[in-house]
Asks: 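Got a structure for you, questions after.
Because the structure is predicted, anything quoted here is derived from the model rather than measured. Throughout, numbering of the chain's residues begins at 1 and tracks the sequence. Just follow the structure's listing: the first ligand is 1, and inside any ligand the first atom is 1.
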Amino acid sequence: MVQVKVFGNKDSLFCTRIEWALKLKGVEYEYLQEDLKNKSPELLKYNPVHKKVPVLLHEGKAVAESLVILEYIDEAWKQNPLLPQDPHERATARFWAKFGDDKVVTASVEACYSQGEVKEKAIESTKELLAILEKEITGKKFFAGDGIGYLDLAIGWVPLGLSVIEEVGEMKVFEADKFPCLHEWSKNFMDIPLVKECLPTRESIVEYFRG
Ligand SMILES: N[C@@H](CCC(=O)N[C@@H](CS)C(=O)NCC(=O)O)C(=O)O
């Protein structure tokens, strides 16, 4: 019997993170595709607070919130560690993961869907936030070092997600000449077969964002 289930939606890059982590750990799982316009009773039962995907179910116990799930996976399956061992490095990786979700996701999504002055401001603030991430990745192949880790998975929505946000929002925020190191990281990250394997198609995310 499968001990691990993921309640997700294939067009959600928050959910892709979870698949990347499980595959890196070599953990088998069952993927339950949620219709976000008609959520299953199980999803509502296992994530009653936020009612969002992803939710991980392990031996009948639920974990919600993708960054929390990544940490859970790292603690439950010790092989191929995702977080560094050093406490300060661990805290720093968590800090930047939260920065990505709280700041970069929020600003770029706002830029995508807003208009006029609000849009212009959100575009500017997205670029400022990306410049901060650019500094973080400068001089490194991956955020975690030579190989990918927790922070790479957390920032992993950027290559495909930002380009879709740019298309749907009819704007440009992630210019290659302004963010050369982040672009290089994006290329290195997207070249990893396991990363590619879990990603939805660009067309389906575009449709998802338009919806
Ligand atoms: N902070 C959450 C965000 C998850 C999230 O926003 N999930 C979206 C799909 S991308 C969702 O379930 N949306 C359904 C809804 O808001 O009703 C996480 O990291 O897990």
Asks: What atoms in ligand 1 come closer than 4.0 Å to a heavy atom of Pro54?
Replies: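 Matching atoms, with element in brackets: 20 (O).
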
Asks: Apply the test side chain to side chain donor-acceptor pair (under 3.5 Å) to residues Trp185 and Asp152: give CA-CA distance (whole Å), side-chain angles for both, the deciding distance (0.1 Å), then the verdict.
Replies: CA-CA 9 Å; Trp185 166 82; Asp152 297 279; 2.8 Å; yes

Asks: Is there a side-chain contact between Val4 and Trp77 in this structure, where contact means two heavy atoms from C-beta onward sitting under 4.5 Å apart?
Replies: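 When only atoms from C-beta onward are counted, Trp77 and Val4 do touch, with a gap below 4.5 Å.
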
Asks: Please indicate whether any nitrogen or oxygen in Leu67 is less than 3.5 Å from any nitrogen or oxygen in ligand 1.
Replies: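 There is no such contact.
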
Asks: Please write down residue, atom name and distance for the protein heavy atom closest to atom 16 (O) of ligand 1.
Replies: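 Result: Lys52 CE, 3.4 Å.
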
Asks: Which atoms form the tightest heavy-atom contact between Tyr113 and Phe209, and what is the distance?
Replies: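 Shortest heavy-atom contact: OH-O, 2.6 Å.
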
Asks: How close does the nearest protein non-hydrogen atom get to atom 19 (O) of ligand 1, and which residue and atom is it?
Replies: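 Looking at atom 19 (O) of ligand 1, the protein heavy atom closest to it is Ser66 OG, 2.6 Å.
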
Asks: Got a salt bridge between Lys119 and Glu170, using NZ or NE/NH1/NH2 to carboxylate O under 4.0 Å?
Replies: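 Looking at Lys119 and Glu170, the cut-off is not met.
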
Asks: Roughly how far, to the nearest 0.5 Å, is NZ of Lys103 from OG of Ser125?
Replies: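 Rounded to the nearest 0.5 Å, the OG-NZ separation comes to 8.5 Å.
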
Asks: Could an N or O of ligand 1 be found under 3.5 Å from any N or O of Arg17, whether backbone or side chain?
Replies: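 No; the residue has no nitrogen or oxygen that sits under 3.5 Å from a nitrogen or oxygen of the ligand.
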
Asks: Should Arg90 and Asp74 count as an ion pair when the cut-off is N to O under 4.0 Å?
Replies: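 No.
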
Asks: Check the pair Leu56, Ile18 against side-chain contact (heavy atoms from CB on, under 4.5 Å), reporting the backbone distance first and the verdict last.
Replies: CA-CA 8 Å; Leu56 181 90; Ile18 308 310; 4.3 Å; yes

Asks: Could you tell me whether His50 approaches ligand 1 through its side chain, its backbone, both or neither, with non-hydrogen atoms closer than 4.0 Å?
Replies: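 Answer for His50: neither.
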
Asks: Between Lys127 and Glu175, is there a side-chain N and carboxylate O pair less than 4.0 Å apart?
Replies: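 Looking at Lys127 and Glu175, the cut-off is met.
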
Asks: Starting from atom 17 (O) of ligand 1, locate the nearest protein heavy atom and write down its residue, its atom name and how far away it is, to 0.1 Å.
Replies: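 For atom 17 (O) of ligand 1, the nearest protein heavy atom comes out as Lys39 NZ, 2.4 Å.
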
Asks: What's the verdict on side-chain contact (heavy atoms from CB on, under 4.5 Å) for Phe179 and Leu162, showing C-alpha distance, side-chain angles and the deciding distance?
Replies: CA-CA 13 Å; Phe179 309 107; Leu162 270 188; over 6 Å; no

Asks: Can you report which non-hydrogen protein atom sits closest to atom 1 (N) of ligand 1, along with the distance?
Replies: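 Checked against all protein heavy atoms, atom 1 (N) of ligand 1 sits closest to Glu65 OE1, 2.8 Å.
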
Asks: If you take the nearest heavy atom of each of Phe7, Phe14, Phe209, which one is closest to atom 3 (C) of ligand 1?
Replies: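 Looking at heavy atoms only, the winner is Phe14.
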
Asks: Any nitrogen or oxygen of Ser12, side chain or backbone, less than 3.5 Å from one on ligand 1?
Replies: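 No; every N/O pair is 3.5 Å or more apart.
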
Asks: Under 4.0 Å from a heavy atom of Tyr208: give me the atoms of ligand 1 that qualify, with their elements.
Replies: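 Close to Tyr208: 9 (C), 10 (S).
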
Asks: Looking only at protein heavy atoms, which one is nearest to atom 8 (C) of ligand 1, and how far off is it?
Replies: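 Ranked first by proximity to atom 8 (C) of ligand 1 is Val53 O, 4.0 Å.
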
Asks: Say whether Asn9 and ligand 1 are in contact under the criterion: heavy-atom distance to a ligand atom below 4.0 Å.
Replies: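 Not so, Asn9 does not reach ligand 1.
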
